[in-house]
Visitor: 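Sharing a structure below in structure tokens format, with a few things to ask.
Throughout, numbering of the chain's residues begins at 1 and tracks the sequence. Small disclaimer: the values here were computed from a predicted structure and weren't measured.
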Amino acid sequence: MSESTVTNELDRINTPHELRALPVSLLPQVAHEIRSFLIDSVSKTGGHLAANLGVVELSIALHYVFNTPDDRLVWDVGHQSYPHKILTGRRDRMHEIRKAHGLSGFPKRGESDYDTFGVGHSSTSISAALGMALAAKSQGVDRKVVAVIGDGAMTAGMAFEALNHAGDLDANILVVLNDNDMSISPNVGGLSNYLARLLSGRLYATVREGGKKVLGRMPSVWELARRAEEHVKGMVVPGTLFEELGFNYIGPVDGHDLDTLITTLSNLKNLKGPQFLHVVTQKGKGYAPAENNPSSFHGVTSFDPKTGAPISRKSSGPSYTEVFGDWLCAQATVDPKLMAITPAMCEGSGMVAYAKQFPNRFFDVGIAEQHSVTLAAGMACEGLKPVVAIYSTFLQRAYDQLIHDVALQNLPVLFAIDRAGLVGPDGPTHAGSFDLSYLRCIPNMVIMTPTDEQECHLMLNTGYQHSGPSAVRYPRGCGPGVKVTPSQQALPLGKGVVVRSGQRVALLAFGSMLGPALVAAENLDASVANMRFVKPLDEELLLDLAGTHELLVSLEENAVAGGAGSGINEFLISRGIATATINLGLPDTFLEHGTREELLAACGLTSDGILHAIDAYYQRQACKTTNATLKSRKLVN
């Protein structure tokens, strides 16, 4: 499909106000045009596709019924917001999504008034929407607040914490569950849609509330009526849990039936108290390759829209994710105690082959990072060897469990931390900028940073064989192309290695920074150390380098604040060593989206950036020397 196939209806819509001016009869055409536009656009830019194709009608219906942006619409998870962006004045910028200075791939408050809450992780919408509803109540504002939660986000405990609180407060909030894991089966059809319209209607609501008042004076009769209602609804809808939490449950309804969506949402808009609408959608709807393989079309690079085939790109070898996946299968073959856990990141963490080969030893816990870590701790208590595969940014959500349940008990849990450092187009919500900082301060932790594929394999061995908690953190994408030779060999704990001997300046590289350090060292005739371990640091190596060089430069793809360089400074100060240091890493800001190469250059984490930082240091020293000389001359005169 191409943009030339798009008719004029979508061209006439730049805001939801213009959408609401259309008759309902034209909305299916708008949905068709948005799908055509999405397929064409994402095939060029890459990004999230399947979930967005599934939420087209729901996006249209929500903006059609509610007076956005005055009514608040909170999207969760954020990667299902492309149709929302198209309908809210950003269609002409979709070609630059996820590019530097372009649109974010997620809702972002600074980008549009229609993006009411920034989200990159999941399961935050109900809490945020409840906060907005309570704010409207306290300010006396008549405003509708809608949380759209989906794509697995209901698996997180935080969502149920918010549901429990909202039901207890009797807040005016509508939660829309976009359920795209169910198939659209016959019971999500005519009868269910009819029932949803009936149960959300004003007549039913009036009778229901009036009946409560009358029967409330006769407790036994009221209880019988309540149970009868639950029984009738329970025969056709799975809503008992949400009813018990205090919500009026409606659904499930066909999320691709615009008439039903608009009627039901219009009815719910006028109801007071917590409302819950269960909408069933199909991932990849309207595009056969994505319908047949929604996982592959969840997040895509550029592809041929006619066939769905990815546009091939040259690769320097296996990615770090693939290295981990291969190691996991090999290690599980020789050790039946290995158990692999991931919070909804099976494909992204390279575990598909393992899950097929060892299904009884694979646990995808859903979007429940806290549970994944404590689950691993429980396994470790019973003598198993759990490996938790998790993205750096998602491990942040399980920090308390990491400290209290794993590290405090010194349990042998290995964390394979993917997407460490900069992640490029996904932006600040997904960047692994802080893991070295937040891991380094935890007692008992061993933290390793591989510089290539073979070293990653060896570090996974090292962590797995360690008797306490350990972490191997590696970046997104491919390494330098070093061939992996499988083995059971482990590295000496806390030992780095000098890979180049030079003079005056020593570059202390952690992980991905070894490559640019070696290039910069050739220009400087500097020494280069592959530090390997952030914790424990190789103190003997640091003492040697500090005693033979006038300047130490730490390099890490992590926040400078509290990172590996900070650890080096702390050690040198504790020993009373005055050798000058420069700490290079990620600045004290949230870095926006762009290519990884663009972001590294902006942070000075390239060979040129390293040379510039060292040159600037020596220029400052020269200025200090000159100023000191001038000052001494004045004193003498």
Visitor: Do the numbers put Arg504 on top of the ring of Tyr618, so that NZ or CZ is under 6.0 Å from the six-membered ring centre and no more than 45° off the axis?
Guide: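 Satisfied, under 6.0 Å and within 45°.
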Visitor: Please round to the nearest 0.5 Å and tell me the distance separating atom CE of Met445 and atom CD1 of Ile442.
Guide: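 Between atom CE of Met445 and atom CD1 of Ile442 there are 6.0 Å.
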Visitor: Could you tell me the separation between the CD1 atom of Ile417 and the OG atom of Ser392, rounded to the nearest 0.5 Å?
Guide: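 OG of Ser392 is found 6.0 Å from CD1 of Ile417.
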Visitor: Between the main-chain N or O of Leu414 and the side-chain N or O of Ser470, is there a donor-acceptor pair closer than 3.5 Å?
Guide: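 Looks like no, no N/O pair under 3.5 Å.
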Visitor: State whether Arg532 and Glu455 are salt-bridged, where the test is any N-O pair (Lys NZ or Arg NE/NH1/NH2 against Asp/Glu carboxylate O) under 4.0 Å.
Guide: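 Glu455 and Arg532: salt-bridged.
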Visitor: Does some side-chain heavy atom of Asn569 sit less than 4.5 Å from a side-chain heavy atom of Asn583?
Guide: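 Answer yes - side chains close enough.
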Visitor: Is the side chain of Asn178 donor-acceptor paired with the backbone N or O of Gly150 at a distance under 3.5 Å, no angle test?
Guide: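 A pair under 3.5 Å: no.
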Visitor: Check step by step if side-chain contact (heavy atoms from CB on, under 4.5 Å) holds for Leu586 and Leu605.
Guide: CA-CA 8 Å; Leu586 304 182; Leu605 295 178; 3.8 Å; yes
Visitor: Do Gln80 and Val148 have side chains that approach each other closer than 4.5 Å (heavy atoms only, starting at C-beta)?
Guide: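 A side-chain contact under 4.5 Å exists here.
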Visitor: Kindly write out the residues that satisfy side-chain hydrogen bond (donor to acceptor under 3.5 Å, both in side chains) with Arg596, not counting sequence neighbours, or none if the list is empty.
Guide: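 Partners of Arg596 by the side-chain hydrogen bond (donor to acceptor under 3.5 Å, both in side chains) criterion, ordered by chain and then number, come out as Glu557.
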Visitor: Which heavy atom in Ala407 sits nearest to a heavy atom in Pro469, and how many Å separate them?
Guide: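 Looking at all heavy atoms of both residues, the shortest contact is CA-CG, 4.0 Å.
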Visitor: Take Arg473 and Asp435 through the test salt bridge (charged side-chain N to carboxylate O under 4.0 Å, His left out) and record every step on the way to the result.
Guide: CA-CA 8 Å; Arg473 60 98 73 172; Asp435 55 80; 2.7 Å; yes
Visitor: What is the minimum heavy-atom distance between Ala376 and Val388, and which atoms define it?
Guide: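 It is CB-CG2, 3.6 Å.
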Visitor: Quick check: closest heavy atoms across Arg440 and Gly563, and the distance to 0.1 Å?
Guide: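 Closest heavy-atom pair between Arg440 and Gly563: NE-O, 3.1 Å.
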Visitor: Could you tell me whether Glu96 and Arg93 have a side-chain N and a carboxylate O separated by less than 4.0 Å?
Guide: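 Yes.
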Visitor: Between Lys483 and Asp452, does any NZ, NE, NH1 or NH2 come within less than 4.0 Å of an OD or OE carboxylate oxygen?
Guide: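 No, no charged N to carboxylate O under 4.0 Å.
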Visitor: Has Ser487 got a side-chain atom pairing as donor or acceptor with Gln489's backbone, closer than 3.5 angstrom?
Guide: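 It does hold such a pair.
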Visitor: Could you give all pairs that pass the salt bridge (charged side-chain N to carboxylate O under 4.0 Å, His left out) test and reach residues 406-421, with sequence neighbours left out?
Guide: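 Output for this query is empty, none listed.
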Visitor: Is there side-chain contact between Leu508 and Leu555, with heavy atoms separated by less than 4.5 Å?
Guide: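 No, side chains not in contact.
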Visitor: Distance check, rounded to the nearest 0.5 Å: Leu73 atom CG versus His84 atom NE2?
Guide: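 These two atoms lie 6.5 Å from each other.
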Visitor: Might you work through the ring-ring contact (aromatic ring centres under 6.0 Å, His included) test for Phe358 and Tyr354, ending with a clear yes or no?
Guide: CA-CA 6 Å; Phe358 304 97; Tyr354 176 90; 5.1 Å; yes
Visitor: Do the side chains of Thr579 and Thr581 get nearer than 4.5 Å, heavy atoms only?
Guide: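 Not touching, per the 4.5 Å side-chain cut-off.
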Visitor: Is the gap between the ring centers of Phe117 and Trp75 under 6.0 Å?
Guide: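 No - the distance between ring centres of Phe117 and Trp75 does not fall below the 6.0 Å cut-off.
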Visitor: Measure from the side-chain N and O atoms of Asp115 to the backbone N and O of Gly110, and report whether any donor-acceptor pair falls under 3.5 Å.
Guide: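 Checking the backbone N and O of Gly110 against the side chain of Asp115, no donor-acceptor pair under 3.5 Å is found.
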Visitor: If you draw a 6.0 Å radius around CD in Glu540, do more than 12 non-hydrogen atoms from other residues or ligands fall strictly inside?
Guide: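 Not more than 12 within 6.0 Å, no.
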Visitor: Working to the nearest 0.5 angstrom, can you tell me the gap between Leu395 CG and Tyr391 OH?
Guide: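 Going from the CG atom of Leu395 to the OH atom of Tyr391 covers 13.5 Å.
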Visitor: Do the side chains of Ser349 and Ile390 get nearer than 4.5 Å, heavy atoms only?
Guide: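 No, every pair of side-chain atoms sits at 4.5 Å or beyond.
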Visitor: Donor-acceptor check, side chain of Ser319 to backbone of Cys478, threshold 3.5 angstrom: yes or no?
Guide: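 The answer is no, because no donor-acceptor pair under 3.5 Å joins these two groups.
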Visitor: Indicate yes or no: at least one non-hydrogen side-chain atom of Met154 is less than 4.5 angstrom from one of Leu163.
Guide: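 In short, these two side chains touch, coming nearer than 4.5 Å.
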Visitor: Could you walk me through whether Val77 and Val119 pass the side-chain contact (heavy atoms from CB on, under 4.5 Å) check?
Guide: CA-CA 7 Å; Val77 291; Val119 57; 5.8 Å; no
Visitor: How about Phe434 and Tyr438: are their ring centres within less than 6.0 Å of each other?
Guide: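 Not close enough - the centres of the two rings lie 6.0 Å or further apart.
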Visitor: Taking the six-membered ring of Phe533 as reference, does the cationic atom of Lys495 (NZ for Lys, CZ for Arg) lie under 6.0 Å from its centre and within 45° of its axis?
Guide: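 Verdict for Phe533: no cation-pi partner in Lys495.
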Visitor: Start with the C-alpha gap between Leu551 and Tyr617, add the side-chain angles, then the distance that decides, and say whether side-chain contact (heavy atoms from CB on, under 4.5 Å) holds.
Guide: CA-CA 10 Å; Leu551 176 64; Tyr617 166 80; 3.7 Å; yes
Visitor: Can you confirm whether more than 12 heavy atoms, excluding those of Asp544, are under 6.0 Å from its CG atom?
Guide: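 Enclosed.
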Visitor: For the backbone of Asp405 and the side chain of Gln409, can you confirm whether one donor and one acceptor N or O come within less than 3.5 Å of each other?
Guide: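 Yes.
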Visitor: Would you please indicate if the ring centroids of His101 and His593 are separated by under 6.0 Å?
Guide: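 No, the ring of His101 stays outside the 6.0 Å limit from the ring of His593, centre to centre.
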Visitor: Measure across Thr342 and Cys346 and return the closest heavy-atom pair with its distance rounded to 0.1 Å.
Guide: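 Smallest interatomic distance, heavy atoms only, reads CG2-N, 3.9 Å.
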Visitor: Hey, which of Arg476, His48, His79 is the one that makes side chain to side chain donor-acceptor pair (under 3.5 Å) with Asp426?
Guide: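 So, applying the side chain to side chain donor-acceptor pair (under 3.5 Å) to Asp426 and each of Arg476, His48, His79, only Arg476 qualifies.
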Visitor: Side chains of Arg90 and Glu111: does their closest heavy-atom pair fall under 4.5 Å?
Guide: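 Yes, at least one pair of side-chain atoms sits under 4.5 Å.
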Visitor: Could you check whether Asn558 and Ser437, counting side-chain N and O atoms only, form a donor-acceptor pair closer than 3.5 Å?
Guide: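 Side chains of Ser437 and Asn558: pair found under 3.5 Å.
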Visitor: Mind checking whether Phe324 and His457 have ring centres under 6.0 Å apart?
Guide: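 Judged by ring-centre distance (under 6.0 Å), Phe324 and His457 do not meet the cut-off.
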Visitor: Can you measure from CG (Asp608) to NE2 (His612) and round to the nearest 0.5 angstrom?
Guide: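 Reported value, rounded in 0.5 Å steps: 10.5 Å.
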Visitor: Are Glu570 and Ser574 close enough that some pair of their side-chain heavy atoms sits under 4.5 Å apart?
Guide: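 No, their side chains stay 4.5 Å or more apart.
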Visitor: Which distance, rounded to the nearest 0.5 Å, do you find between the CD1 of Ile610 and the CG of Leu524?
Guide: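 One gets 9.0 Å once the value is rounded to the nearest 0.5 Å.
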Visitor: Kindly say whether Phe106 contributes a backbone atom to a donor-acceptor pair with the side chain of Ser104 at under 3.5 angstrom?
Guide: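 Flag set: sc Ser104 to bb Phe106 pair under 3.5 Å.
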Visitor: Looking just at side-chain N and O atoms, do Glu369 and Ser372 make a donor-acceptor pair shorter than 3.5 Å?
Guide: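 There is no such pair (donor and acceptor under 3.5 Å, judged by atom type) between the side chains of Glu369 and Ser372.
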Visitor: Would you say Ser125's side chain and Ala147's backbone share a donor-acceptor pair under 3.5 angstrom?
Guide: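 Absent.
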Visitor: Can you give me the closest heavy-atom contact between Tyr82 and Gly105, atom names plus distance?
Guide: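 Here Tyr82 and Gly105 meet closest at CE1-O, 3.5 Å.
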Visitor: Would Gln370 and Met158 count as a side-chain contact (heavy atoms from CB on, under 4.5 Å) here? Give the steps.
Guide: CA-CA 10 Å; Gln370 296 169 308; Met158 182 177 177; over 6 Å; no
Visitor: Keeping Gln465 on the side-chain end and Gln488 on the backbone end, is there a donor-acceptor pair under 3.5 Å?
Guide: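 Yes; judged by distance alone, with no hydrogens or angles, the pair exists.
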Visitor: Give the minimum heavy-atom separation between Gly383 and Lys337, together with the two atoms involved.
Guide: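 Nearest pair, atom of Gly383 first, then Lys337: O-CD, 3.4 Å.
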Visitor: Can a donor-acceptor pair be found, under 3.5 Å and without considering hydrogens, that links the side chain of Ser607 to the backbone of Pro516?
Guide: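 The answer is no, because no donor-acceptor pair under 3.5 Å joins these two groups.
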Visitor: If you measure from the Lys or Arg side-chain nitrogens to the Asp or Glu carboxylate oxygens, is any gap between Lys108 and Glu592 under 4.0 Å?
Guide: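 Glu592 and Lys108: salt-bridged.
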Visitor: Could you pull out all residues at least two apart from Ala521 that satisfy side chain to side chain contact (heavy atoms under 4.5 Å, CB included)?
Guide: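 Residues passing side chain to side chain contact (heavy atoms under 4.5 Å, CB included) with Ala521: Arg500, Leu507, Ala526, Val528.
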